[in-house]
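First up is the structure itself, then whatever we jot down about it.
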Amino acid sequence: MTRARSAQQPLHPPRARTGAPRPAGGRALRAGVLAAVVLGLLLPIAAGLWETLRAAFGHFPAIGATGPSLSPFAALLATPGLGQAVALSLWTGFAATALSLLLALGLCAVAHARLSGSRGARLLAPFLAAPHAALAIGLAFTIAPSGWIARVLAPLLGWDRPPDVALVGDPWGLALIAGLAIKEMPFLVLMLLSALTQIPLREAMAAGRSLGYGRGLVWMKVIVPQVWPLIRLPVMVVLAYSLSVVDMALILGPSNPPTLAVMLTRMFSDPDIFALLPASAGALVQLTLVLGSFAALLAAERVAGAIGLWWIRAGGRGLTAEPILRGAAGAAAALLALGALAMASLVVWSVAFRWPWPAPLPESWSWRAWRTASGGWDSAVFNTLVLAGLTTAASLVLAIAWLEGEDRARRGRAGWAEALIYLPLLLPQIGFLYGLNVLFLRLGLRADLFAVAWAQALFVFPYVMITLSAPWRALDARLPRAAASLGAGPWRRLVAVKLPVLLAPMLTAAAVGVAVSVAQYLPTLFMGAGRVATLTTEAVTLASGSDRRIAAAYASLQAALPFAAYLAAFAIPALAFRHRRALLGGAA
Amino acid sequence: MTLVLDALTVSPRGGPSLFPPVSMTIAGGEMAAVMGPSGVGKSTLLDAVAGHLAHGFAMQGRVVLGGREVTHLPPEARRIGLMFQDAVLFPHLSVGDNLAFGLARRVRGRAARRAAVEAALDQAGLSGMAARDPATLSGGQRARAALMRTLLAEPQALLLDEPFSKLDAELRDEMRAFTRDHVARLGIPALLVTHDPDDARIAGGAVVTLRAA
């Protein structure tokens, strides 16, 4: 009863019957995700930019200003130190980005084999988890004339009193550059490690070396050009962030004049309400600065590409690249060590009682700072936890819905969608957050926890999405297929197969979300109108205060929350899957 | 129960067909084979039959199973079982729970479902392994567990994507016989994709060779 026809002799003449493409699955899901992203993410940013633009041109009816007029720009230009502030922002932003990128490349060149997979993620987790403000406070304590470094050097150099140099807030912004690099370099390393898994690294290395090029030269001539397109967006994120950071610049940067973003934050908080107008004009300048810097980066990419091609075509096979890469890797390790020292010094200061100079450790210890601080931080701790929980949960749900929508449509991500995810990270926060606040007030929405959560989620969602996307796509596509062939519909496939198998990466993404939320400063300050206190806003305020121990206690707790989240993200899958070998060791 | 592929072909959107239209009729209990060089689209053909075609590919022709056209049904509604090269057991579930995932909803009640899973494990020579982590099974054990999981879903047809190619010679013979016996016993049509002529010969049914269009 068998009839089989070979391909050449069809049973029936092939009918020109287009198997009408089955309606792409999950259309409702994708429409919902798109609506949530447009209404929740895109619209607030666009509206915030619009309000800022109006105020910058003198139109702010709520305070009786009607434009358009150029007087806000005139007032801005008359602000003393503006030019210096702009120059300082550009210098610290570009220097921090270049330093982070070069050191990350060096570290990956030397150590990518040892950092691959979950190991790198585990090693870098503390640096990714540490909030910017806490790290900045710890770094300030460490490099201050009375800090650990000077204390260790004192007996060697015969100092009998703290050296009289201003290392924190130095006019060149070196402390700020170091602080930014400690935070941004690990992020770039993580992005690089993930990019390296997407190129045929081993084969390229083998091919290059068999042609007589040393390991370092293959890295620079073959590997870096391949990974650059994959890390361009993350580098732009680092550049935008470094050019417009506020909390780190407040703590580590010079104060007179400060960077542009700090100067503008002060103007936005000025009791004189009309300072809002030049501040908004300044926000536009900040925005232009960032966009112009992107253009400069892309121009530099072209120039470097041309020079690189010339260099590659010359065919030089010297072995001289290795010392440079080793040096960069060494510097990267030193920077990470400095970061670790900074975090440790927070804890030590928070429990120090008597700590005379130049003793390396306190003479006596005390919980006084923690007792004092815990008397007044109830609402800050509560707000921090609620904000982290709300923003992370909402972001994770939206990210899962987005990725599941892509799966159901069986298509990858369009370029515009990828850009949409990165958008909030590519614009300076100060460029649209105040405008967003104005919009909320005009709509009669109060400056409360909900408003702050919304603003924070603009920055939490992209990081959660970026963290979850790679492992989601790396999921063995045959697992959901096997489930489908067993009769499981799309929802059962998601809930019973995909989500459990992806538990570890989901928890990692959640930990990233918590870390990003806890670290937010400007969204909390602006959208909460100064009335929503979190551990971050309190720590930044206390950083300039006189009691170093209390500031250390706040910053320690601020850092402890994301640390705990990362710890849970590693521990829970290890515990849940202790009898499931295939799912162990993949937590990243 | 008969599986009919009627002038089935696949093309990338706007592109030419990957292979000339395939027409075959596989009777219940028969195990037919599709052969061809790698890259010709054998797995794509299986994807089309099972309903997993990637976005950007269009399918022409019809798939009819037991008189029911399934061409436009989502994969979970086709009742076509799928076996992969690696067993693809769910890594987060125990061996027993993998089988329970597949077990048809028709079997109701905790005790009855448990008994059905135990019976299937016994049949596959996996007695007492219900609580095991699938990662601790040998290759042959995994393949048998995957087949039982597929069969517990009571499919009306079975597709096999090079299911024996990763097993060593002795196990391969054993698995071929095991699979063929089950297909014959259940009386369902089976379609095997392979590049191994032995697989195709031992399958015993019709053989279609794909060539690039």
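Below, chains carry the letters A, B, ... as their sequence lines are ordered, and counting in each starts from 1. What you see below is based on every heavy atom in this structure, not just the backbone, and it leaves out hydrogens, waters and symmetry mates.
Not counting sequence neighbours, B:Asp161 has no partner by the salt bridge (Lys or Arg N to Asp or Glu O under 4.0 Å) test. With sequence neighbours left out, the salt bridge (Lys or Arg N to Asp or Glu O under 4.0 Å) criterion links A:Arg481 to B:Asp47. For B:Asp86, the salt bridge (Lys or Arg N to Asp or Glu O under 4.0 Å) partners are A:Arg478, B:Lys166, not counting sequence neighbours.
With a 4.5 angstrom heavy-atom cutoff, A:Ala496 touches chain B via backbone and side-chain atoms both. Neither the backbone nor the side chain of B:Thr9 comes within less than 4.5 Å of any heavy atom of chain A. Neither the backbone nor the side chain of A:Pro480 comes within contact range of chain B, judged by heavy atoms closer than 4.5 Å. Contact of B:Phe84 with chain A is made through the side chain alone, with heavy-atom distances under 4.5 Å. Contacts between A:Ala483 and chain B at a heavy-atom distance below 4.5 Å involve backbone atoms as well as side-chain atoms. Of the atoms belonging to B:Leu89, it is backbone heavy atoms, and not side-chain ones, that fall under 4.5 Å from chain A. At a 4.5 Å heavy-atom cutoff, the contact between B:Ile80 and chain A is made by backbone atoms alone.
Residue A:Arg581 comes nearest to B:Ala135 through the heavy atom pair NH2-O, 2.7 Å, listed as atom of the first residue, atom of the second, then distance.
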Next item on the list: Would you check, one step at a time, whether the test side-chain contact (heavy atoms from CB on, under 4.5 Å) holds for B:Ser94 with A:Arg580?
Entry: CA-CA 8 Å; B:Ser94 68; A:Arg580 295 287 175 264; 3.2 Å; yes

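Contacts from residues 96-107 of chain B to chain A, taken as heavy-atom pairs separated by less than 4.5 Å, involve B:Phe101, B:Gly102 in sequence order.
With respect to chain A, the highest number of heavy-atom pairs below 4.5 Å among B:Gly81, B:Pro134, B:Ala146, B:Ala131 belongs to B:Gly81. Considering only heavy-atom pairs separated by less than 4.5 Å from chain A, the leading option among B:Thr136, B:Leu159, B:Asp133 is B:Asp133. Counting heavy-atom pairs under 4.5 Å between each of A:Ala482, A:Ala477, A:Pro490 and chain B puts A:Ala482 at the top.
Under 4.0 Å is where a charged nitrogen must lie from a carboxylate oxygen, and between B:Glu76 and A:Arg493 at least one such pair does.
Within a 6.0 Å radius of CZ in B:Arg110, other residues, nucleotides and ligands contribute 12 heavy atoms or fewer.
Here the side chains of B:Pro91 and A:Leu479 are in contact, with some heavy-atom distance below 4.5 Å.
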